[in-house]
Amino acid sequence: MCVTAVESRPAGMLGADQSPAHRPFGARVKAFVALTKPRIIELLLITTVPVMFLAQQGVPDLTLVLLTCLGGYMSAGGANALNMYIDRDIDALMDRTSQRPLVTGMVSPRECLAFGITLAVASTLLFGLTVNWLSAWLALGALLFYVVVYTMILKRRTSQNIVWGGIAGCLPVLIGWSSVTNSMSWAPVILFLVMFFWTPPHYWPLSMKVREDYARVGVPMLPVVASNKVVAQQIVLYSWVMVGVSLLLQPLGYTGWFYTSVALLAGGFWLWEAHGLQNRAKAEVTGAKLKEMRLFHWSITYVSLLFVAVAVDPFLR
């Protein structure tokens, strides 16, 4: 998925004479959970559940919320596991990913592949049989887009990988809406576009921080192939479009004053940080003084605040 979390270094590789099955049960369970990237999925659910409140214009059925969250976790978890299976070669060479279960040997590639496929099938059936089939196909589409289009096709071929690959991380917005209404509307489309334009300026600051990792394995993230100045210019451009799109919900009648106020304040602070990064890049500041991770961390706070406002707004209109 398009949303990210910084990872620490591993303790070490599994011994050559030890198979994954011989590791402690608790450690194995934690390893399989790690395959799903739970910290990333937390943010995906933050963009799913509030949209259900907006679609319902109040509190949606709580059983439906739980089923949607479970199906969403399983689908995104399956996508993440399959991503780790495909990227296991470069994960072993990158500092940021060198503690992942396939790299340490806690889970075998065959187990990871089977686990990812099982989650993909189970999540699709869960959505279809307990929520609705529109949500099921959207979830399956997000999984296939992330695994095939982003991981297999775009990631190692183009610096625009995260721009188009990020579409997979935008689809939970549509899933949240369709789970309640079994239909589509302009409101989820607008929030989909917010997430689309949010993804590059969210991910590129992190890529700036770990550009050496990506360069080492030949993944052409934009900060690898372009200067900090160019990357910062792109971040500012996407940021302005993102904030502008986020304000469309109110004039179209989907939200009121509360959401609009949060979108303005949070978006304004985002633009302040984005322009600050651009100014430092223009001044050719490097290293810790570039402070690129300030925008990365704020991007997570921003999307959380914006979607909490989406959920709260119907109660204040």
Side-chain angles (χ1 to χ4, degrees), residues 1-7 30-49 51 67-91 94 96-97 99-103 107-128 131 133-157 161-176 178-179 192 195-196 198-200 202-203 206 219 221 300 303:
M1 299 297 186
C2 56
V3 186
T4 53
V6 181
E7 302 177 64
K30 290 180 180 179
F32 277 97
V33 172
L35 288 176
T36 67
K37 301 181 185 178
R39 290 182 61 193
I40 293 174
I41 296 177
E42 288 175 10
L43 283 174
L44 294 179
L45 295 180
I46 284 175
T47 66
T48 303
V49 176
V51 177
L67 289 170
T68 302
C69 288
L70 178 60
Y73 186 99
M74 292 170 62
S75 180
N80 289 329
L82 293 172
N83 167 267
M84 288 195 196
Y85 173 81
I86 296 166
D87 277 351
R88 63 190 186 279
D89 59 332
I90 61 176
D91 282 349
M94 296 175 63
R96 191 175 70 88
T97 57
Q99 73 168 354
R100 288 180 173 174
L102 286 181
V103 179
V107 176
S108 72
R110 180 178 297 181
E111 289 173 328
C112 180
L113 179 61
F115 181 65
I117 292 174
T118 299
L119 285 179
V121 173
S123 64
T124 303
L125 292 175
L126 177 65
F127 265 121
V131 181
W133 284 104
L134 175 58
S135 299
W137 301 134
L138 286 170
L140 181 60
L143 182 150
L144 292 175
F145 198 95
Y146 181 67
V147 174
V148 178
V149 178
Y150 172 67
T151 305
M152 297 180 67
I153 299 176
L154 296 176
K155 184 173 181 178
R156 307 193 195 195
R157 288 181 172 86
N161 47 21
I162 200 64
V163 176
W164 301 107
I167 288 174
C170 306
L171 286 171
V173 173
L174 303 186
I175 295 169
S178 67
S179 68
F192 173 96
M195 294 304 298
F196 177 80
W198 171 88
T199 302
H202 157 72
Y203 198 89
L206 174 62
V219 174
M221 290 294 178
I300 298 172
V303 81

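As the structure is a prediction and not an experimental result, all values here were calculated from the model.
With sequence neighbours left out, Thr47 forms a side chain to side chain donor-acceptor pair (under 3.5 Å) with no residue at all. Looking at residues two or more places apart in sequence or on another chain, you find no side chain to side chain donor-acceptor pair (under 3.5 Å) involving Asn161.
When all heavy atoms of Ser135 and Phe127 are compared, the closest pair comes out as CB-CD2, 3.9 Å. Summarising the geometry of Met84 relative to Ala34, their closest heavy-atom pair is CE-O, 3.4 Å, with the distance given to 0.1 Å. Pairing each heavy atom of Leu35 with each of Cys112, the nearest pair is CD2-SG, 4.0 Å. Heavy atoms only, all atoms of each residue included: Ala168 and Phe145 are closest at N-CD2, 4.0 Å. The shortest heavy-atom contact between Val147 and Thr151 is O-CB, 3.2 Å. The two residues Val107 and Leu102 have their closest heavy-atom pair at O-CD2, 3.1 Å.
When ring centroids are compared, Phe196 and Trp164 come within the 6.0 Å threshold.
Using a 4.5 Å cut-off on side-chain heavy atoms (C-beta onward), His202 and Ile162 make no contact. Side-chain contact check for Val173 versus Thr48: every heavy-atom pair is 4.5 Å or farther apart. Within the 4.5 Å cutoff, side-chain heavy atoms of Met195 are placed close to those of Trp198. Side-chain contact check for Tyr146 versus Ile167: every heavy-atom pair is 4.5 Å or farther apart. Using a 4.5 Å heavy-atom cutoff, the side chains of Thr36 and Phe115 are in contact.
Side-chain N or O atoms of Arg88 include none that pairs as donor or acceptor with a backbone N or O of Pro101 at under 3.5 Å. The main-chain N or O of Gly72 is never found under 3.5 Å from a side-chain atom of Ser75 such that the two would form a donor-acceptor pair.
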May I have the step-by-step check of side chain to side chain contact (heavy atoms under 4.5 Å, CB included) for Val163 and Thr199, ending in yes or no? CA-CA 7 Å; Val163 176; Thr199 302; over 6 Å; no
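Note on residues 134-156: pairs passing salt bridge (charged side-chain N to carboxylate O under 4.0 Å, His left out), not counting sequence neighbours, are Asp87-Lys155, Asp87-Arg156, Asp89-Arg156.
Note that CD of Glu42 is 14.5 Å distant from NZ of Lys37, once rounded to the nearest 0.5 Å. Of the inter-residue distances, the one linking Leu140 atom CG with Thr124 atom OG1 reads 4.0 Å to the nearest 0.5 angstrom. Between atom CD of residue Glu111 and atom OH of residue Tyr85 there is a gap of 12.5 Å, rounded to the nearest 0.5 Å. Separation of atoms SG (Cys69) and CD1 (Ile41) is listed at 11.5 Å; rounding is to 0.5 Å. The CG atom of Leu82 lies 8.5 Å from the CG atom of Leu119; values are rounded to the nearest 0.5 Å. The distance from the CG atom of Asn83 to the CG atom of Asp91 is 7.0 Å, given to the nearest 0.5 Å.
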